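So the structure is just underneath, and the comments pick up after that.
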Amino acid sequence: MHIKQVIIQGFKSYREQIVVEPFDKRHNVVVGRNGSGKSNFFHAIQFVLSDEFSHLRPEQRLALLHEGTGPRVISAFVEIIFDNSDNRIPIEKDEIFLRRVIGSKKDQFFLNKKVVPRSEVLNLLESAGLSNSNPYYIVKQGKINQMAIAPDSHRLKLLREVAGTRVYDERREESVTILKETVGKVEKINDFLKTIEERLKTLEEEKEELKEYQKWDKSRRVLEFIIHDTEHRENKRKLEELQKLRTTSGKEQQHYADQVREAQEHVREANRKLKEARKDVAAAREEKDILSTEQQQLLREKTKLELAIKDLTDDVDGDNKSKERAEAELERLRQQIAEKERELEELKPKYEEMKAREEDCTRALALNQQKRQELYAKQGRGTQFTSKQDRDRWIEKELKSLNKQIKDKKDHEVKLRDDLKRDATKLTELEKRIEDLTKEMERQRVAIDEHNKQYYECKKRKDQEQSTRNELWRKETTLTQNLSSLKEDLAKADQALRSMAGKPILNGRDSVRKVLETFQERGGEWAKIATQYYGPVIENFTCDKTIYTAVEVTAGNRLFHHIVESDIVGTKILKEMNRQNLPGEVTFMPLNRLQVRDMVYPSDNNAIAMVQKLKYDPKYAKAMKYIFGKTLICRNLECATELGKQYHLDCVTLEGDQVSSKGSLTGGYFNQSRSRLEMQKTRSELMEQITALDEELSTLRQELNKTESSINSIVSEMQRTETKQGKAKDIFEKVKADIRLMKEELSSIERFRGPKERSLAQCRSSLEAMQATKEGLESELHQVCTSSLDGFIVSFLLLHGT
């Protein structure tokens with residue numbers, strides 16, 4: 001055995017690792033200048049093999065570490081590789097690696113790269129002849145010179161130590177000591193033998209008693225065995241009965257557990273229905289208040305209308321009575337009028353005839369009176385004028401005046417004729433205009449009635465639309481209350497899920513949603529990235545309720561891992577979360593990086609692959625197989641243990657007990673009321689209901705807006721109709737006033753036509769009288785003056801041809 005190689009690092013002057021080789025198996029010489037590290041190299045070998053560096057204090061260990069420029073060395077080691085081809089060290093290897101590592105707080109030995117205690121190292125070295133009791137296998141510098149000048153006794157002692165005889169002397173002394181102790185022990189043993197012999201005599205006596213005892217004890221044990229055997233059989237029978245009872249009770253327990261689960265479901269369903277019923281009651285109460293208000297308003301309006309109807313009925317009754325009296329009076333008057341009209345018709349020809357005769361007589365009377373006056377005047381002129389010339393001058397003067405009067409009368413006659421003609425024309429025009437205006441007034445009355453009809457139809461439509469709007473408002477209020485309640489339930493479900501899954505995970509989920517909203521707002525490539533995020537695992541599959549517990553204990557918090565199309569999508573989402581300093585922790589499952597191998601599942605009636613019981617989109621198959629692909633759902637724990645060991649698959653029971661493919665078992669009570677899958681299902685249902693209610697509310701608000709627009713358009717139409725109606729009423733009143741004025745004017749024309757006709761007749765009579773007077777004066781002119789009335793009468797008669 002010899003040293004083949006020495007490796008030093010961090011020890012004294014050797015900072016960097018240095019390897020010293022090769023070594024000759026007989027003699028090796030190390031030469032070098034002063035300070036080159038020869039002594040430190042020797043100390044390094046001593047550090048590993050000798051006992052000099054065995055018990056070091058912390059400051060002594062630090063002194064062995066390299067102290068130079070640069071970073072401080074915190075540990076050092078020296079490793080010696082021995083050639084063990086002669087098997088001097090009892091280890092079946094040709095090379096032995098012995099390393100010692102030292103630091104400020106550690107000091108360890110390594111044998112063939114493994115940590116070993118110091119005692120084991122010393123035993124190995126001692127078996128190779130490197131014993132601490134003979135430390136001269138390492139000879140230090142100056143030791144030979146010291147041995148050469150030492151006295152003989154010291155050299156003899158040294159030779160004994162080198163030869164190893166001191167060890168034998170020490171062992172001889174130890175053997176003498178042991179021999180003395182052995183003699184003492186022999187004396188003690190002799191004393192013990194005497195005591196034993198005495199005890200044997202006593203035991204011989206007790207032996208007979210023991211045989212007797214053993215005989216009876218054997219009988220006792222036989223009886224006890226019979227008793228125990230009987231009891232054992234009885235207990236075995238009872239155990240079998242208990243086992244059967246246990247099996248039955250297990251089934252009953254399962255049955256009761258199912259009943260408890262069903263009862264919990266019924267309780268949850270009842271609570272849900274109770275909550276909905278409370279919502280309906282609240283909505284019904286609110287609707288009742290609204291309907292009560294409307295009812296009171298309608299009752300007030302009904303009372304007003306009933307009172308108005310009563311008043312109108314009384315008025316109508318009074319009007320009917322008055323109408324009957326008026327109709328009777330009208331009938332009586334009509335009869336009288338008819339009689340008077342018949343009498344008038346009978347008297348009218350006579351009246352016309354007598355009126356014509358009266359007018360002729362009046363005109364003749366006036367003419368004769370005028371003639372009489374002219375005759376008296378002519379008679380008087382005979383005495384008035386003394387000469388013919390004076391008389392003629394006066395007659396000419398009178399003729400001149402009379403001509404002027406005749407002219408004025410003719411003008412007046414023409415004027416009266418023109419007035420009568422104008423009145424007749426105007427009368428015809430007024431009658432025509434009155435007829436036209438009457439037709440216009442009738443048209444305006446029809447238009448007013450039509451406008452009233454349109455107004456009441458619009459009002460009816462408005463009332464219907466307002467009723468529809470009120471109904472829509474009530475529905476909107478109900479939907480808003482239901483939506484608020486569902487959002488509260490969703491918040492509670494989120495809070496419960498947060499308490500189950502952990503705050504960081506749910507915060508991470510919310511942060512990812514905020515990031516996706518940011519990507520959607522940016523648009524373009526960012527929006528495309530948002531579409532490549534598929535959501536948490538728990539939201540992307542469904543399963544039967546009976547395996548909720550098995551699925552949850554299998555997946556754990558991996559239920560909240562996020563499925564993405566590729567690792568690029570996950571990286572960009574994480575970068576955006578870090579940029580916005582969003583809280584929470586997320587774990588992404590990029591479908592392009594998941595490595596899933598197809599598993600071979602056993603065809604056993606007691607087990608089925610969990611992934612086969614899940615329902616999910618085929619594009620998420622990698623993620624589902626990655627989490628659930630290595631797990632079997634087993635009927636019981638015994639089947640799970642057997643199948644897990646046989647197929648090297650993880651197994652889980654419906655109760656949540658797990659058997660790892662490596663053999664470990666995990667289980668315990670699982671509170672099914674705090675199921676994350678159940679909570680997620682509730683949350684998904686609530687979100688679907690909220691989405692449906694949002695859509696329904698949006699549709700309802702659109703209908704409400706349409707109804708509002710319809711009401712506004714109807715109100716606008718009513719306003720336009722009212723404006724048209726007002727204009728029609730104004731026109732109607734104006735036309736009515738015009739007709740009234742025209743009728744008054746027509747009545748005035750009718751009233752003044754008779755006087756004008758009488759004036760015209762009088763004018764004609766006056767004109768005839770004046771014409772006769774003129775003719776008399778003209779015939780008198782140039783005649784002889786006479787005072788006799790007979791002459792005047794003869795002259796007047798001759799003049800007029802009578």
Side-chain angles (χ1 to χ4, degrees), residues 1-32 36-56 61 64-66 73-103 105-141 143-144 158-168 170-171:
M1 183 187 74
H2 65 280
I3 296 175
K4 289 182 66 176
Q5 190 181 63
V6 178
I7 303 172
I8 307 172
Q9 179 179 342
F11 185 80
K12 288 193 174 183
S13 61
Y14 297 97
R15 176 181 178 82
E16 303 297 334
Q17 180 174 320
I18 182 170
V19 180
V20 181
E21 64 176 353
F23 286 90
D24 188 73
K25 65 181 179 178
R26 296 184 62 82
H27 301 289
N28 296 278
V29 179
V30 180
V31 295
S36 62
K38 300 186 296 297
S39 299
N40 288 340
F41 178 72
F42 183 74
H43 288 158
I45 295 174
Q46 242 183 323
F47 174 70
V48 177
L49 298 180
S50 74
D51 195 35
E52 186 172 350
F53 297 93
S54 59
H55 303 290
L56 299 176
R61 284 199 295 272
L64 295 177
L65 300 177
H66 175 78
V73 176
I74 60 174
S75 66
F77 74 86
V78 177
E79 185 175 34
I80 299 176
I81 302 174
F82 293 97
D83 185 345
N84 192 36
S85 56
D86 57 355
N87 292 326
R88 185 171 177 182
I89 297 176
I91 295 178
E92 296 297 328
K93 287 188 177 180
D94 293 337
E95 288 186 348
I96 305 297
F97 296 84
L98 183 60
R99 173 184 289 198
R100 184 177 182 183
V101 180
I102 193 171
K105 294 183 180 180
K106 67 178 180 178
D107 186 2
Q108 295 176 317
F109 282 88
F110 291 84
L111 181 64
N112 291 331
K113 311 298 182 181
K114 295 181 181 180
V115 179
V116 294
R118 177 181 176 81
S119 59
E120 185 175 343
V121 173
L122 294 178
N123 291 333
L124 285 172
L125 292 176
E126 187 172 355
S127 63
L130 306 177
S131 174
N132 289 331
S133 60
N134 183 13
Y136 294 101
Y137 55 87
I138 295 177
V139 180
K140 298 182 181 179
Q141 184 178 0
K143 193 71 173 178
I144 297 174
L158 182 62
L159 289 173
R160 286 179 177 177
E161 288 180 354
V162 172
T165 58
R166 188 169 67 86
V167 176
Y168 296 110
E170 291 175 355
R171 291 181 179 176

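Treat the numbers as computed from the prediction; the structure is a model and nothing was measured.
Under a 3.5 Å cut-off, the side chain of Y14 and the backbone N or O of G37 do form a donor-acceptor pair. At least one donor-acceptor pair under 3.5 Å links the side chain of H66 to the backbone N or O of K12. One N or O on the side chain of R100 and one on the backbone of F47 form a donor-acceptor pair closer than 3.5 Å. Checked by atom type and distance alone, the side chain of N84 pairs as donor or acceptor with a backbone atom of R88 at under 3.5 Å.
Smallest separation of non-hydrogen atoms from I8 and A44: CD1-CB, 3.7 Å. The minimum heavy-atom distance linking Q5 with I7 is given by the pair OE1-CD1, 3.7 Å. Scanning both residues, G10 and V73, for their nearest heavy atoms gives CA-CG1, 4.1 Å. Of all the heavy atoms in L65 and S75, the pair that sits closest is CD2-C, 3.8 Å.
Taking 4.5 Å as the limit, some side-chain heavy atom of L98 sits within range of a side-chain heavy atom of L111. Taking 4.5 Å as the limit, every side-chain heavy atom of K25 sits out of range of all side-chain heavy atoms of D83.
Taking CD of Q9 as the reference point, atom CZ of R15 lies at 9.5 Å (rounded to 0.5 Å). Here the CD1 atom belonging to I102 is positioned 13.5 Å from the CZ atom belonging to F77, to the nearest 0.5 angstrom. Interatomic distance, CZ of F109 versus CZ of R99, reported as 13.0 Å (0.5 Å rounding). I91 contributes atom CD1, which lies 5.5 Å from atom CG of N112 (distance to the nearest 0.5 angstrom). Put simply, CG on D24 and CD1 on I3 are 12.0 Å apart, with the number rounded to the nearest 0.5 Å. If you take CG on L49 and CG on L122, they are separated by 10.5 Å, rounding to the nearest 0.5 Å.
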